[in-house]
Amino acid sequence: MERGTRMELPRPQSDGITNNDYDESGNENDDEAFHSKVSDEQRLKLQDLNKLLDISVEHKGQQIVVVGDTSAGKSTTINFLLGYPFNFVARGIGTRRPCVMTLTKHPDYDVVHFKVKLEKNEYKKEEFCTSLHAVVEILTEVNDPRENPDWFDCLEADGVDPEDAFDQTPVFVELLHNAIEVPRRLVDVPGLSRNHPRTLQIAANYIRPENIVILVVGKVLGGEGWEEIRTHKVCPHTIVVQNFATTVLKDNQAQDNMKTISDKMGNGKDLVMHCVDYGLPYGSQYWKEGFDQPDWEGIHKSKGLQKVQRSMKRHARQRAKDLDETFMGKNSNSDRLVAGLTEVHKKLNEFQFRDIDGQITFLRHELQSQIKAKELEMAHAEARVKQLHFPPEWDSMIASFATACTWYLDSTISATDGLAAEADATSGSALASLCASLDEVKPAGQTSGNDLQDQHAKDELAWFDEKLDEKVIHLLTKYCGFESKLKLGCIRSWQRLVDEFTGMLAFAPMPCVHQAKKSHVQGQVGSGRAGTLNFNEETVKLVVELGGREGLVRPQLKQLQRRLQRLVQRDYASAVHTLEAHCGAELDEFLSLVNSNAEDEQASDPEFVDVGPTARRQEPTTTAMILSCVKEALLEHAKSEISLELEGSAEKDDSGAPIWDDVIKKYQKRLKSGMMVREGENTLKPAALHWMLPFKFNNGGQMSLRKLRFENSDKDSAWGIWPFARSSPTFPNAVDRHQVGWHKELLEEIKDCERSEEKKIAEGGGTPYINCSNAVNLQIFRMCTEDYEVPVSRNGEPKLYDCEVLKLLKALQFEMASAWHSMWKGMLQELTDPDKVTGFVKAAHKAMEKPVADYVGAAGMCLLSTNNKQVQSSPSDDAAWKAVVEVVCHDLRVSYAEDLTKTTQEEISSLGEEAKWPDYEGYMKVLDRAAETSKENSNDFLGRRKESLAGQASWSRLCQELVFVILQLDMDRVSEEELSMSKSSAGVMSAAGQQEMIAKLAQHRLFQLNKKNKQVFMHRFDSLWTRDVDAVMGQNARVKESLQYDVGSDKKAEDWLIEQLHLYKDRVVGQTMAALEEEFKSLFPADFTLLNGRFNLNEQKLRKQTFVLTEDGRSVRETDATQDIHRMWESDRYGLTQTVVVCPGKPAGSETIQLSVDATIAAYANFQERTHRVEQIFALPSDHAPKAGFAGGAFQELCLNYFKQIHVHAIHYCRPKLKALLARLYQERHLRQALQRSPAMAKVKEKTGQILKRETKRKDRLRRELNSMRETLRTTDPNRNQGRR
């Protein structure tokens, strides 16, 4: 076919491309879209090809390139080729870099969106917008060498005028809309008429054999520069567009232009010139309506993209028709002159789809090679950045900073005073920042002069209120040696704050309980299902709710956080003042290194020239900046550590960003991540602190192990070493409690908070408070804080450590038993909770591929009876599953077969060796001796071990048995080898102290014992569960009848349900065991205050005014407990001496030791709930109420007992964690890590060396490019496209 003739465009059925310029008869279609339509498959391929072309290095791949004179109408031609009025050049934008314009179909956009991107060196600019004006502003910016010289490489050379600046890095402009039919991509290069070597070089990069070049010629054929490039020889696919054709043809200039171009290109026979004339732009001086170009932007704004595309097409076609009728028939070269862009569009379509699959494969292969090369480059960049981040000089400086700060924080007052004076004489002595306890709550710095504001500032730092706090601190100082009056700083002041927090928890007053709340709880217990509610647990929940919206203990934790942050900020600031004096050499070496590297890279910063001690003294700006960043890093470390430990961490999404919750209007918290995190923290009504429940009943009393000794040992024997342990507190100014005589203030209660009117209104007009007597609260404080000093030399013999290790081991076992005792009831309740079991079964049922098949029931229906209620439905109904599960759960709780019941001994014997606890023979001997002293009809394990039980009663007995097992376990004696190994330490000191040695030995033993106990318990519980589930499923005829159908792959519904019940049991028991394991981990590092035991709140009179139940339990009488409290104060706070029993082992010499039977029974008794007494108190009338409308005095006293137990638990839970937190705030390794990782210190290196800055930017750029390459490779995967199609 000759080039001058009109070519018929391909039909849709041939290759997926249709040309809507013509209908099926070959007539032009004016109402169709601007471009030829393509199939969805072809469109996806084009868009993938465009993505690969955008990411391609060295401009590889088939591209459409537009070149021409800047005045040749290139911009207008591009507009008509794309079908959109970009008009960049018409707005005065100088093209100084290639501009890649792409049309992309986006199904979500019915309004035109633009994506503009430029990546130049380390700079990246990427913006999305819907306004063409915004695009123009961005393109103006990226093409302005005067405002942005860094974006033009040629300006790095000296003497280059910005007017001559060009750059070969392209800017990408992508138009996205759901009406795009053909995704077209054009590259507009800077004009050639400038005859400038840089523009010619840019054009030469794109005029390649595989590309198609559109050469736009203006009215006069000037120095377009194509003759230097030899366009047609280099690029055989050249399209010549003659703009302003009306004038050119009229003047017979077209033939001359054709001949000149043909001669220069050396291919005159095949060259075709496409003549176009679009008319004047809208708004021009001589613009004529109906002839020149309409207001394209106005049409787009008012009628949308499709309308402007159709309008531009009609206009171009009409002007081409005019040219054809006026000139083409009269021209002798009419076969080489074609009017309009129809042929151009056809050629572009053919070019774009020419071997498109091969092009995509080729570019993807090239991209994979580029990714490999980029990964190597990225690895090198990361290594370089890491080297600059952590050179030896940097590590040395950071280590010296951390060491100096730790040394300062751990120094004495005189040392801190001298350091501060030496570092900065003008900063004042460190003594200026030392404070007594009450002074720490005063506003920092100068007072405001406003008494109300100053008082408000003090109230914000008060635990309860100013006066109550002062009373508590007075008592702690007078009776417990609390160092409230000493002016302290650094670590010791932080530790004092923790002790003060402990004292405030011990003295916390309790708001009295309203009678309505008591009645509500009483009604709940009465209507609860069997085994799900009891008075003890519901009373605990009621007491927890006394904390109001914030909850118990949480306000004091918040206050601790504020106070601790103030102290740490004060002491960190003082520590940083000492760094220049003690770390000057390391500081100078680092600055010298960075500036030396900067000079090598010709990027030195004048701020850091002449580095050295003399220069540092003469110009301290740099050093001050570094020290300021050190301070910022340390403060951020403290804030982060304190916040994580107390407030917890944020819940994050897959990208690592915190999750914002629009319902609660705050970021979600990761559950159980901090001390102040509550159950249901991410809900509108959070409950108690996550660690507060389930309630640990041994907090009401647990024996002390401080005086543990071997049985029958003499006072002066080697094993009778306990009398020589110091009993006095370890405070420097400590006064032993026995030296402080009885005083009437010990009977008083601190309870009247000076509450504001707002608080009184919130509390309903003023809620009365009660508290334990001061003597009781002081005893609680002492037993929670007094340290235990090991009375054994570090070089003592192993037998001397036996008793000490057993002390700690038993204390830890008490804690583990307490944790298990608080967990197992909830576990059993969950195992037979019909709602939870039903939810699990329904979820498993729905997850099956074929949930229900071959139902074998009467007319496809099942009939069940639960609690006299009949349910009739198909087996696939949720109601049917719920009915079945309710029956099964009910029978598991209350039913059992007589022939299946067993005693504890029978259960163990039937399962063999795997069901025996560690040291089973010794365990049975202890059990027999313990049973002699216990009541056979009691409701605990010791009383029921010989009963024949099945069902939930047998599960409960096994769980209680585990409590007893944990308490009575014996211990291998300490050998010389393991004692020697325990003397090493991984801490600051290479040699471990006595407490660390004992903690190691106890921890290893407890780990082994827990592991064995868990295995035995799981084995025995699995056996009981299997027995009872099989019995229930086999004996209930209605259940069997309702499950006579198949589920899944020919599995009987009955068998399937049994399988799901076992899986449910595994999940519930597994979760409980995991929680117990977390409790075990929380015991370490071990706190030796555990040896002090717990104050016996259950037996001791708590207040002067106390209430005693009458013999019939129907009323109470008020008594005066002055003598009981006085007697308690004068007695030994650590109770009776407990004994250790030596047990001979097999083989000979393998002796073990354990707590005596009497001590074991006493410890076990502390876990037993006094349910009967609580029920009696609930039934009492509201006599002796503290105020009208409140519950009676006996019930208030019961609640106070639980209230104090909760606060005792809070002390024991929080203190070890707070001590570990303080260690992270001052230990050298933690400070060093904080300085290494801090963004503030990253700023130091950024300020002190441009090398690191440039290398970091380069690494970031490489990472962006690599991510972009990987994303392009992923999104252009043919398999992915197949999935989308």
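Numbering starts at 1 and runs along the sequence shown. These values consider heavy atoms only, across backbone and side chains, with no hydrogens, waters or symmetry-generated copies. This is a predicted model, so every value here is computed, not measured.
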Checklist entry - If you round to the nearest 0.5 Å, how far is CG of L708 from CD1 of I1153? => result 8.0 Å
Checklist outcome for this item: Sequence neighbours excluded, the answer for salt bridge (Lys or Arg N to Asp or Glu O under 4.0 Å) partners of K1204 is none
Item to check | Side-chain touch E1079/S1082, heavy atoms, less than 4.5 angstrom | outcome: yes
Checklist entry - For the side chain of S956 and the backbone of Q952, is there at least one donor-acceptor N/O pair under 3.5 Å apart? => result no
Next on the checklist: Using side-chain contact (heavy atoms from CB on, under 4.5 Å), reason through D1055 and E1059 one step at a time and then give a plain yes or no.
Outcome noted: CA-CA 6 Å; D1055 297 335; E1059 178 182 314; over 6 Å; no
Item to check | NZ/NE/NH1/NH2 to OD/OE distance under 4.0 Å, E886 and R893 | outcome: no
Would you be so kind as to tabulate the donor-acceptor pairs closer than 3.5 Å made by side chains of residues 1007-1019, with sequence neighbours excluded?
{"residue": "N1010", "atom": "ND2", "partner": "L1006", "partner atom": "O", "Å": "3.4"}
{"residue": "N1013", "atom": "ND2", "partner": "L1009", "partner atom": "O", "Å": "3.3"}

Checklist entry - Stepwise, does the side-chain hydrogen bond (donor to acceptor under 3.5 Å, both in side chains) test hold for D1158 with S1156? => result CA-CA 5 Å; D1158 292 339; S1156 66; 5.6 Å; no
Item to check | Side-chain donor or acceptor of S822 paired with backbone N/O of L693 under 3.5 Å | outcome: no
Item to check | Audit row: Y788, E804, side-chain contact (heavy atoms from CB on, under 4.5 Å) steps and yes/no | outcome: CA-CA 11 Å; Y788 174 74; E804 298 303 315; 2.7 Å; yes
Item to check | Under the salt bridge (Lys or Arg N to Asp or Glu O under 4.0 Å) test, residues paired with E1197 that sit two or more places apart | outcome: none
Checklist entry - If every non-hydrogen atom of A1121 is compared with every non-hydrogen atom of K1101, which pair is closest and at what distance? => result CB-CB, 3.7 Å
Item to check | D891 side, atom CG; T832 side, atom OG1 - distance, nearest 0.5 Å | outcome: 11.5 Å
Item to check | Student check: side-chain heavy atoms of W820 and L962 closer than 4.5 Å | outcome: yes
Checklist entry - Who are the ring-ring contact (aromatic ring centres under 6.0 Å, His included) partners of F840, not counting sequence neighbours? => result Y1064
Item to check | Working for side-chain contact (heavy atoms from CB on, under 4.5 Å), residues V841 and W1056 | outcome: CA-CA 10 Å; V841 172; W1056 181 84; 3.8 Å; yes
Next on the checklist: If the condition is side chain to side chain contact (heavy atoms under 4.5 Å, CB included), which residues does S954 pass it with, not counting sequence neighbours?
Outcome noted: E907, L949, L1024, R1027, D1028
Checklist entry - If you measure only the distance, is there a donor-acceptor pair under 3.5 Å linking the side chains of T1110 and S1115? => result yes
Checklist entry - Quick one: are W1025 and L1061 in side-chain contact, heavy atoms under 4.5 Å? => result yes
Checklist entry - Heavy atoms, side chains only, cut-off 4.5 Å: are L542 and Y1202 in contact? => result no
Checklist entry - Given side chains that start at C-beta, do those of L812 and F1084 come closer than 4.5 Å, heavy atoms only? => result yes
Next on the checklist: If I compare all heavy atoms of A688 with all of V544, which pair ends up nearest, and what's the gap?
Outcome noted: CB-CG1, 3.3 Å
Checklist entry - Do K1065 and F1021 have side-chain heavy atoms sitting under 4.5 Å apart? => result yes
Checklist entry - Just wondering, are more than 12 heavy atoms of other shown residues or ligands nearer than 6.0 Å to NE2 in H1062? => result yes
Checklist entry - Any side-chain heavy-atom pair from F964 and Q960 closer than 4.5 angstrom? => result no
Checklist entry - Does a side-chain heavy-atom distance below 4.5 Å link Q1205 with H1209? => result no
Next on the checklist: Holding to side chain to side chain contact (heavy atoms under 4.5 Å, CB included), I want the full list of residues that pass it with D970, two or more places apart in sequence or in another chain.
Outcome noted: D919, T1152, Q1154
Item to check | Euclidean distance, M827 CE relative to L1076 CG, rounded to 0.5 Å | outcome: 10.5 Å
Checklist entry - Listed by chain and number, what are the side chain to side chain donor-acceptor pair (under 3.5 Å) partners of D899, not counting sequence neighbours? => result none
Item to check | For P798, side chain to side chain contact (heavy atoms under 4.5 Å, CB included) partners two or more places apart | outcome: V974, E976, L979
Item to check | Heavy-atom closest contact (R1020 atom, A915 atom, distance) | outcome: CD-O, 3.5 Å
Next on the checklist: Can you confirm if the NZ or CZ of R706 lies within 45° of the ring axis of Y1134 and under 6.0 Å from the centre of its six-membered ring?
Outcome noted: yes
Item to check | By salt bridge (Lys or Arg N to Asp or Glu O under 4.0 Å) - contacts of E914 (at least two apart) | outcome: none
Item to check | Close aromatic pair by centroid cut-off 6.0 Å: W824 and W955 | outcome: no
Checklist entry - Who pairs with Q813 by side chain to side chain donor-acceptor pair (under 3.5 Å), at least two apart in sequence or on another chain? => result K810
Next on the checklist: Below 30° counts as parallel, above 60° as perpendicular, anything between as tilted: where do the rings of F1178 and F535 land?
Outcome noted: tilted
Next on the checklist: Looking at V1068, is its backbone amide N or carbonyl O close enough to the side chain of T1072 to form a donor-acceptor pair, meaning the two atoms are under 3.5 Å apart?
Outcome noted: yes
Item to check | Backbone N/O of P834 and side chain of T838: donor-acceptor pair under 3.5 Å | outcome: yes
Item to check | More than 12 heavy atoms of other groups within 6.0 Å of R1114 CZ | outcome: no
Item to check | R1127 bridged to D1124 by N-O distance under 4.0 Å | outcome: yes
Checklist entry - CD/Q702 to CZ/F814 distance, rounded to the nearest 0.5 angstrom? => result 5.0 Å
Next on the checklist: Between T1089 and C784, does the side-chain contact (heavy atoms from CB on, under 4.5 Å) criterion hold? Intermediate values first, please.
Outcome noted: CA-CA 6 Å; T1089 58; C784 291; over 6 Å; no
Checklist entry - Taking only residues two or more places apart in sequence or in another chain, which ones pass salt bridge (Lys or Arg N to Asp or Glu O under 4.0 Å) with D972? => result none
Checklist entry - Under a 4.0 Å N-O cut-off, is there an ion pair linking E1078 with K672? => result no
Checklist entry - Ignoring hydrogens and geometry, is there a side-chain-to-backbone donor-acceptor pair from R1067 to L1063 under 3.5 Å? => result no
Checklist entry - Less than 4.0 Å between a side-chain N and a carboxylate O, is that true for E978 and R1005? => result yes
Checklist outcome for this item: Tightest non-hydrogen contact, residues V1116 and A1194, listed as CG1-CB, 3.9 Å
Checklist outcome for this item: Heavy atoms of A844 and Q1060 approach each other most closely as CB-OE1, 3.2 Å
Next on the checklist: Treating N1201 as the side-chain partner and L1097 as the backbone partner, does any N or O pair qualify as donor plus acceptor under 3.5 Å?
Outcome noted: yes
Checklist entry - Can you check whether M703's main-chain N or O pairs, donor with acceptor, with R1094's side chain at less than 3.5 Å? => result no
Checklist entry - From I966 CD1 over to W917 CH2, what is the distance, rounded to the nearest 0.5 angstrom? => result 8.0 Å
Checklist entry - How many angstroms lie between CG in D835 and CD in E830, if you round to the nearest 0.5 Å? => result 12.0 Å
Checklist outcome for this item: Taken in chain and number order and not counting sequence neighbours, the residues that satisfy ring-ring contact (aromatic ring centres under 6.0 Å, His included) with Y1213 are W691
Next on the checklist: Looking at R945, is its backbone amide N or carbonyl O close enough to the side chain of T904 to form a donor-acceptor pair, meaning the two atoms are under 3.5 Å apart?
Outcome noted: yes
